[in-house]
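As a basis for the values below, the full set of heavy atoms in this structure was taken, side chains included, without hydrogen atoms, waters or symmetry mates. Each chain gets a letter, A, B and so on, in the order its sequence line appears, and its residues count up from 1.
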Number of protein chains: 2
Amino acid sequence: MSGEDHRDSNALHVEAARRLDAVQSRYTTKRRLLVDVFEQADHPLSLPEVIAADSSLAQSSVYRNLAALEEAGVVRRIVTGDDFARFELAEELSGHHHHHLICRTCRTVADFTLPTAVERSLAATFRDVSDAHGFSVQDHQVDLLGACADCQDAARIGGDT
Amino acid sequence: MSGEDHRDSNALHVEAARRLDAVQSRYTTKRRLLVDVFEQADHPLSLPEVIAADSSLAQSSVYRNLAALEEAGVVRRIVTGDDFARFELAEELSGHHHHHLICRTCRTVADFTLPTAVERSLAATFRDVSDAHGFSVQDHQVDLLGACADCQDAARIGGDT
DNA sequence: TTTACTGCAAAGGGTTTGCAACATG
DNA sequence: CATGTTGCAAACCCTTTGCAGTAAA
């Protein structure tokens, strides 16, 4: 199953259904729609972005479904300091381990990946750190904070000294 | 011992005053108290923790002062997904570049450091990544998510079946 | 049929803000 | 004295929840 093209969204839905079933939840039409939205996104989506992508979804239902999908391990919630939380497909489902470029100006979040060698050495270091602290690591999170290309341009034009 | 504390603390306050002055803000008694609280903390503090450390501060004033201190670059705001935001001294003032161990159970945040060699190689990698994306990096954030020692113990006792 | 899900509206809760009194430079 | 700061309380806004109707198994 690994190494396959991400075009196979059927496998994604099958796995999502399996995970929801494992927590006694149903894979309804609305939830399938949500998974479709996240599959097509190339960055974590805020709630307004999710609703913009499919306005057939009521706000409260989206929140409730995202909570259900998160509990099932289908999506992951990301908190960046923006007004809104953001959501993306769980990495086991997207098959795409990555990190985030967070723009402090427009608050958008873009994905990036680290070279395998760096990831591997980081993982080893994290193991040492967690051992030393008696901390059990489930996940790591590497974010870069700064200004995206668009906001740098805007600053040069609008905020010029 | 206490002589050293006074000297360190004094340098800290001088720098904090300078930074506040740079944004037309005053270094009031309350703000000095806040800086003292953060200087003594060994981990990022939530608002309840700040108020617990010094209850002479009104909640809204603490929020307002933290916003002022953040704008001046004296403290840094951290968002972990906990109900509360957390704050710590800016690294230029604490002189202590570090990262966070975030416990998903009790939501506490502990500090840890990476070996210099790892930091250096990370910085180089981040430079490559940001160049490739046209992203201007101001800061990076490396967090480990998992279970702290206490919560692992609690799980062994309470959740053992 | 049974149980979970949906949508609307209202409540929740951390954070922000209006305003009058106060302190700082 | 002029201006920034403080504290109280109310407003704010993202998110959660109660409830009645609907869809899934």
Any sub-3.5 Å donor-acceptor pair from B:Ser130's side-chain atoms to B:Arg127's backbone N or O?
yes
Would you sort out whether B:His97 and B:Glu119 count as a side-chain hydrogen bond (donor to acceptor under 3.5 Å, both in side chains), showing the intermediate values?
CA-CA 10 Å; B:His97 179 65; B:Glu119 282 288 354; 3.2 Å; yes
Could you give the CD1-to-P distance, from B:Ile51 to C:dG14, as a whole number of Å?
12 Å
I need the CG-C1' distance between B:Asp83 and D:dC13, as an integer number of Å.
15 Å
To the nearest angstrom, the CZ-C1' distance between B:Phe84 and D:dT15 comes to 15 Å
Can a salt bridge be assigned to the pair A:Arg107 and A:Asp83 using a cut-off of 4.0 Å between side-chain N and carboxylate O?
no
Residue-phosphate contact under 4.0 Å: A:Asn65 side-chain N/O, C:dT6 OP1/OP2
yes
Is it true that B:Arg86 and B:Asp82 have a side-chain N and a carboxylate O under 4.0 angstrom from each other?
yes
Residue pair A:His13 / A:Glu39, side-chain donor-acceptor N/O under 3.5 Å
no
Can you figure out which of D:dT6, C:dG7, D:dT15 approaches the side chain of A:Leu47 most closely?
D:dT15
Gap between atoms CG and P, on A:Asp54 and C:dG7 respectively (whole Å):
10 Å
Exam field: side chain A:Glu15 to backbone A:Glu92, donor-acceptor pair closer than 3.5 Å:
no
Could you tell me how far apart A:Arg86 (CZ) and D:dC14 (P) are, to the nearest whole angstrom?
13 Å
Flag the pair B:Arg26 and B:Asp21 as a salt bridge only when some basic side-chain nitrogen lies within less than 4.0 angstrom of an acidic carboxylate oxygen.
no
Please work out if A:Ser56 contacts a base, only the sugar-phosphate, or nothing of the nucleic acid, heavy-atom cut-off 4.0 Å.
sugar-phosphate
Got a donor-acceptor contact below 3.5 angstrom from the A:Glu91 side chain to the A:His98 backbone?
yes
A:Glu71 CD to C:dC5 C1': how many Å, rounded?
15 Å
note: B:Phe87, atom CZ; C:dG14, atom P; distance rounded to Å ~ 14 Å
Begin from the C-alpha positions of B:Ser56 and B:Lys30 and carry the test side chain to side chain contact (heavy atoms under 4.5 Å, CB included) through to its verdict.
CA-CA 9 Å; B:Ser56 81; B:Lys30 304 290 190 183; 4.0 Å; yes
Hey, what are the protein-to-nucleotides 16-19 of chain C N/O distances that come in under 3.5 Å?
from: C:dG18; atom 1: O6; to: B:Arg64; atom 2: NH1; distance (Å): 3.4
from: C:dG18; atom 1: O6; to: B:Arg64; atom 2: NH2; distance (Å): 2.8

Under 4.0 Å, counting only non-hydrogen atoms across every strand here, what does B:Ala68 touch: a base, just sugar-phosphate, or nothing?
nothing
Those residues of residues 23-31 of chain A lying under 4.0 Å from DNA chain C by at least one heavy atom
A:Ser25, A:Arg26, A:Thr28, A:Lys30, A:Arg31
B:Glu70 CD - C:dT15 C1' separation (whole Å):
13 Å
